[in-house]
Amino acid sequence: MGAGASNLAVEEASSGLGDMPELCAAEVLLRLGAPDICRLAGLNHAFRSAGAADFVWEAKLPENYRYLMGFVDGGEEKGGDQGQKSAVGKKEVYARLAKAVRFDDGKREFWLEKSTGMICMALSSKALVITGIDDRRYWAHMPTTESRFHSVAYLQQIWWFEVVGEIDFRFPAGTYSLYFRLRLGKLVSKHSGRRVSSGADKKDSIHGWDRKPVRFQLSTSDGQNAVSQRYLDDEPGSWALYHAGDFVASEHGRPLRLKFSMAQIDCTHTKGGLCVDSVLVYPKRCSMKCGFRTEKVVVGAYK
C-alpha cells in the first residue's frame, strides 16, 4: 500500500509542463500576445515547437498582412496581395512587420503594434505639403536626433500657416487616432555632450500662437470627418502630440484615403517659433503604449 502510494507520487512529480502536448501548448499561445509567446517559447520543447507554428503566428497577423508585406518585398510603393507568397514562415512575417517598414523614399513608415496587431504609421515633415516650405525666409529643415526621421521643419515666421497631408492605405480593421507632433521653440544644438541654446531658442522667437487657435481637420474617403481647434500654448522646448481626430478602418480591407491639415491663416499677424516633426497614426486603444510615452497628448475643442 505504502509502496503504491510512493510510486504514484513519483509519477505525479515527474509529469508537468514538459509532458504537455504541443497542440495544448499552441492553444495556450493563441490566447497570448506576441511578447508572451516569445517568452514562453523558452519554457520547454512543447512551447518552443508551438511557438514556431505558422497557425499560431498567422492568428497574430492582421488579415491584410500580404498587402503589408508588399512594402517589404522589393519596397513596393503600393503594397499588394502578391507581396508575400514566398516560403517565409508566419513568425518571420510577423518579425518583419514589427520593425519599421519605410516607403515613399523614406518619408513614411509603418510598423505592426504588438499589443493590438494593428498598424502604426509615421509621416515625416518632408511628406507633408507646407505653405512656404521652400522659402528660407519662412522655413528651414533642421537635422536632429529628436526625430525618428532625423529632420524637422522649423517655422521662423509666416503670415499664412498651413500644413496638409494625405494617406492612401489599407489599414487593418479598427479605430485609429491621428496626431501632429509639434514643439514650440527652436531646437538646441549640442556641444561637448551639453545642451546649449543656439541663441535663437528664446521665448520671444515664439509668437502669434496666442492670438488665434490652430484648426485641425481630418476627413476620409468614406465620409468620416473631424474638426477641432487648439491654441499652441504648451511649454516651449517639449514635444507634444496634437490630436487631429479619429477614424475607423472597415473590415472589408478597402484602401482608405485620409486628408488632414492644421492651419492658422489669420493674416493680421505673423506666427513663428514652431517645429513640425511628423504626423503619427496610432490604434486608438493603444494610446501611448505605441511609442512616445513621455510626450503630452493635446486634444482640442471639437466643433
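Keep in mind the model is a prediction, meaning the values are calculated, not measured. When reading the values below, keep in mind they use all heavy atoms of this one structure, side chains included, and skip hydrogens, waters and symmetry mates.
Hydrophobic clustering (ILVMFWY, side-chain heavy atoms < 4.5 Å, transitive): V163 and Y242 are in one cluster. In the hydrophobic clustering of ILVMFWY residues, with side-chain heavy atoms under 4.5 Å counting as a link, L123 and F103 come out together. In the hydrophobic clustering of this structure, V164 does not group with F216; members are Ile, Leu, Val, Met, Phe, Trp, Tyr whose side-chain heavy atoms approach within less than 4.5 Å, directly or through other members. Residues M142 and W239 share a single hydrophobic cluster, defined by chaining ILVMFWY side chains whose heavy atoms lie under 4.5 Å apart. Hydrophobic clustering (side-chain heavy atoms under 4.5 Å, transitive across Ile, Leu, Val, Met, Phe, Trp, Tyr) groups L61 together with V88.
In terms of modelled atom types and a separation under 3.5 Å, the side chain of N64 and the main chain of R170 share a donor-acceptor contact. The closest donor-acceptor contact from the side chain of S124 to the backbone of K126 lies under 3.5 Å. With hydrogens and angles ignored, the 3.5 Å screen pairs no side-chain donor or acceptor of K212 with any backbone N or O of D266.
Side-chain contact check for V93 versus M69: some heavy-atom pair is nearer than 4.5 Å. Contact check for I167 versus R108: side-chain heavy atoms found under the 4.5 Å cut-off. At a threshold of 4.5 Å between non-hydrogen side-chain atoms, the residues F247 and D222 do not count as touching. Counting only heavy atoms from C-beta outward, the side chains of Q157 and H207 approach each other to under 4.5 Å. Inter-residue side-chain proximity for E113 and Y282 is flagged as unmet; no heavy-atom pair is nearer than 4.5 Å. The closest side-chain heavy-atom distance from S228 to H243 is not below 4.5 Å. L178 has its side chain within reach of V279: a pair of non-hydrogen atoms, C-beta onward, lies under 4.5 Å apart. Residues P213 and R230 fail the side-chain proximity criterion, which asks for heavy atoms closer than 4.5 Å.
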(request) Applying side-chain hydrogen bond (donor to acceptor under 3.5 Å, both in side chains), run through T175 and D246 and close with a yes or a no. (result) CA-CA 7 Å; T175 302; D246 297 334; over 6 Å; no
(message) Working note: Y176 + L256, criterion side chain to side chain contact (heavy atoms under 4.5 Å, CB included); need CA distance, chi angles, decisive distance, verdict.
(response) CA-CA 12 Å; Y176 296 82; L256 189 64; over 6 Å; no
(request) Go through the steps to decide whether V276 and L274 satisfy the test side chain to side chain contact (heavy atoms under 4.5 Å, CB included), and finish with yes or no. (result) CA-CA 7 Å; V276 178; L274 179 71; 4.2 Å; yes
(request) Starting from the C-alpha separation in whole Å, work towards a yes-or-no answer on side chain to side chain contact (heavy atoms under 4.5 Å, CB included) for L97 and V72. (result) CA-CA 8 Å; L97 294 178; V72 177; 4.1 Å; yes
(request) Apply side-chain hydrogen bond (donor to acceptor under 3.5 Å, both in side chains) to E162 and W160, showing your working. (result) CA-CA 6 Å; E162 187 172 27; W160 184 289; 3.0 Å; yes
(request) Go through the steps to decide whether L68 and V101 satisfy the test side chain to side chain contact (heavy atoms under 4.5 Å, CB included), and finish with yes or no. (result) CA-CA 9 Å; L68 299 173; V101 178; over 6 Å; no
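Of all heavy-atom pairs between I206 and G273, the closest is CG1-O, 3.7 Å. The minimum heavy-atom distance between E146 and R181, with the atom names listed, is O-NH1, 3.0 Å. Closest non-hydrogen pair, Y154 versus C275, comes out as CD1-SG, 3.6 Å. The nearest pair of heavy atoms linking L218 to A244 is CB-O, 4.1 Å. In plain terms, the two heavy atoms of G208 and Q264 that are nearest each other are O-NE2, 3.7 Å. Considering every non-hydrogen atom in both R102 and F149, the closest pair reads NH2-CD2, 3.6 Å.
Between F161 and W209, the ring centre distance stays below 6.0 Å. The ring of F169 has its center closer than 6.0 angstrom to the ring center of Y67.
Residues meeting the ring pair (Phe, Tyr, Trp, His ring centres under 6.0 Å) test with Y94, sequence neighbours left out: W57. Not a single ring pair (Phe, Tyr, Trp, His ring centres under 6.0 Å) links W139 to another residue, sequence neighbours left out. When the side chain to side chain donor-acceptor pair (under 3.5 Å) test is applied to R257, the partners found at least two apart in sequence or on another chain are D168.
The CG atom of L182 sits 12.5 Å away from the OG atom of S238 when rounded to the nearest 0.5 Å. From T131, atom OG1 reaches atom CG of L155 across 10.5 Å, with rounding to the nearest 0.5 Å. We find the OG-CD1 distance between S261 and I130 to be 12.5 Å, quoted to the nearest 0.5 Å. The line from OG of S221 to CD of E166 is 10.0 Å long, rounded to the nearest 0.5 Å. Here the CG atom belonging to N225 is positioned 8.5 Å from the CD atom belonging to Q217, to the nearest 0.5 angstrom. Here D277 contributes atom CG and S125 contributes atom OG; the two are 6.5 Å apart, rounded to the nearest 0.5 Å.
Counted within 6.0 Å of CD on Q224, heavy atoms from surrounding residues, nucleotides or ligands total more than 12; the atom is thus considered enclosed.
Here D105 does not pair with K107 in a salt bridge; the nearest charged N to carboxylate O distance is not below 4.0 Å.
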